[in-house]
Amino acid sequence: MEFELNELVERFTNISIRVEGVYNYKIDPGTDGWQKAAPFPGFIFPVRGKAQYHFDGTPYTASIGRVVHGGASMSLDKQVLGDAKWEYISVLYDIRTPEKGICLPEVHFELTPGKSPRLQELLGRLYRTFNQPGSIPAFQTENLFRCVLEEVFVCTRNQTNHGAQVLFEQVSSYIQDHFMDSLTVRGLAEQNEVTENRLFYVFSKYAGMGPGDYLIACRLNRAKELLTTIGAPVSEVAKSVGYSDPLYFSRSFRKRFKMSPSEFREKFRNNL
């Protein structure tokens with residue numbers, strides 16, 4: 001499910017929360033299973049590794065930099081991904097005020113605060129404090145959970161507003177340096193720990209095209225330069241810019257420049 005961040009923050013601002021549980025789980029690679037979610041809503045804060053969750057059939061991939069919220073008593077499938085042990089902190093909470101607006105026990109969603117050392121430090125303190133007896137630790141637990149939420153919300157806002165340009169510059173620069181390699185949009189997204197949809201949004205905003213089209217443009221523009229500066233066969237030019245199939249390269253080139261590579265070279269042969 002998707003919500004405007006401000007709407008979500010406002011919801012948490014106007015409710016009274018009681019922390020019902022803070023747990024630190026460590027699960028071996030390859031583990032999977034189905035269960036009913038806890039009777040309280042809660043957050044999954046990754047510490048190490050990666051896992052996929054399905055809340056009522058909707059998939060979320062949890063890893064460092066991505067926080068998942070699950071509703072109460074939902075159908076929950078989970079699977080540890082990769083070869084590393086999956087470790088996370090789960091925080092369950094109850095709402096002590098009447099529900100208005102977003103009904104948090106009934107929703108699941110994902111936030112992308114990115115890597116925050118402060119968030120990890122706060123989560124460690126929250127886990128230790130919750131497991132201490134007494135009224136002072138109980139009071140501190142509520143305040144620490146609010147601090148955790150604040151860090152998640154602020155970092156997510158920064159990722160959304162300011163992080164978008166940083167992400168675009170980082171990925172576009174990488175594409176420009178490695179366009180001749182076997183790059184994929186999925187690989188670029190995983191490399192930068194974002195979703196493919198996020199990457200598409202960022203490139204559409206700053207380049208006016210998706211990351212796949214941006215990669216093609218880099219390859220074909222470089223091919224155009226090579227065709228007018230060196231006398232290598234078209235097949236070698238194709239290979240040097242990341243195309244293993246010269247025929248596919250020629251079709252892509254014609255689609256972009258309205259002429260074949262050979263025709264382009266012939267037209268600009270005086271530049272050789």
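Numbering starts at 1 and runs along the sequence shown.
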May I ask whether [X] and [Y] are part of the same hydrophobic cluster, defined by side-chain heavy atoms of I, L, V, M, F, W, Y residues being less than 4.5 angstrom apart, directly or through others?
X      : Y      : answer
Tyr127 : Phe45  : yes
Val47  : Leu81  : no
Tyr174 : Leu199 : yes
Tyr201 : Val194 : yes
Leu76  : Ile44  : yes

Can you measure from [atom1] ([X]) to [atom2] ([Y]) and round to the nearest 0.5 angstrom?
X      : Y      : atom1 : atom2 : result
Lys255 : Ser250 : NZ    : OG    : 14.5 Å
Glu142 : Ile17  : CD    : CD1   : 8.5 Å
Thr156 : Glu110 : OG1   : CD    : 9.5 Å
Leu126 : Asn24  : CG    : CG    : 11.0 Å
Ser240 : Leu226 : OG    : CG    : 5.0 Å
Ile27  : Asp32  : CD1   : CG    : 10.5 Å

Ignoring hydrogens and angles, tell me if any N or O in the side chain of [X] forms a donor-acceptor pair with the backbone of [Y] under 3.5 Å.
X      : Y      : answer
Arg265 : Leu227 : yes
Asp213 : Met209 : no
Arg66  : Thr112 : no
Asp245 : Leu247 : yes
Thr58  : His54  : no
Ser173 : Gln170 : no
Glu263 : Ser260 : yes
Arg256 : Ala217 : no

On a heavy-atom basis, which atom in [X] and which in [Y] lie closest, and how many Å separate them?
X      : Y      : result
Ala238 : Pro246 : CB-CA, 4.3 Å
Cys218 : Phe179 : CB-CB, 4.3 Å
Val234 : Pro261 : CG1-CB, 3.9 Å
Asp28  : Val80  : O-CG2, 3.6 Å

Can Tyr23 and Leu92 be said to form a side-chain contact (heavy atoms from CB on, under 4.5 Å), step by step?
CA-CA 9 Å; Tyr23 309 100; Leu92 303 178; 3.9 Å; yes

When you compare the side chains of Lys115 and Gln120, does any donor N or O come within less than 3.5 Å of an acceptor on the partner?
no

For the residue pair Gln79 and Thr31, confirm or rule out a side-chain donor-acceptor distance under 3.5 Å.
no

Start with the C-alpha gap between Leu167 and Val171, add the side-chain angles, then the distance that decides, and say whether side-chain contact (heavy atoms from CB on, under 4.5 Å) holds.
CA-CA 6 Å; Leu167 177 62; Val171 178; 3.8 Å; yes

Check the orientation of [X] and [Y]. Use parallel for under 30°, tilted for 30 to 60°, and perpendicular for over 60°.
X      : Y      : value
Phe12  : His69  : perpendicular
Phe249 : Phe253 : tilted
Phe145 : Tyr93  : tilted
Tyr248 : Tyr243 : tilted

[X] [atom1]: over 12 foreign heavy atoms closer than 6.0 Å:
X      : atom1 : result
Glu225 : CD    : yes
Arg146 : CZ    : yes
Asp181 : CG    : yes

Got Leu122 and Glu151 here, is their nearest side-chain heavy-atom distance under 4.5 Å?
yes

Side chains of Leu149 and Phe43: closer than 4.5 Å at any heavy-atom pair?
yes

Taking Glu236 first and then Lys239, would you say they form a salt bridge - that is, a charged N and a carboxylate O separated by under 4.0 Å?
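Judged by the 4.0 Å cut-off on N to carboxylate O distance, Glu236 and Lys239 do not form a salt bridge.
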
Between Asp94 and Arg18, does any NZ, NE, NH1 or NH2 come within less than 4.0 Å of an OD or OE carboxylate oxygen?
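Salt bridge flag = no for Asp94 with Arg18.
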
Quick one: are the ring centres of Phe203 and Tyr214 less than 6.0 Å apart?
yes

Validation row, ring centre Tyr53 to ring centre Tyr60 under 6.0 Å:
no

Residues Arg125, Arg128; criterion side-chain contact (heavy atoms from CB on, under 4.5 Å); working and verdict
CA-CA 5 Å; Arg125 288 172 57 192; Arg128 293 189 296 271; 3.3 Å; yes

Working for side-chain contact (heavy atoms from CB on, under 4.5 Å), residues Phe168 and Lys205:
CA-CA 9 Å; Phe168 170 73; Lys205 180 177 181 178; over 6 Å; no

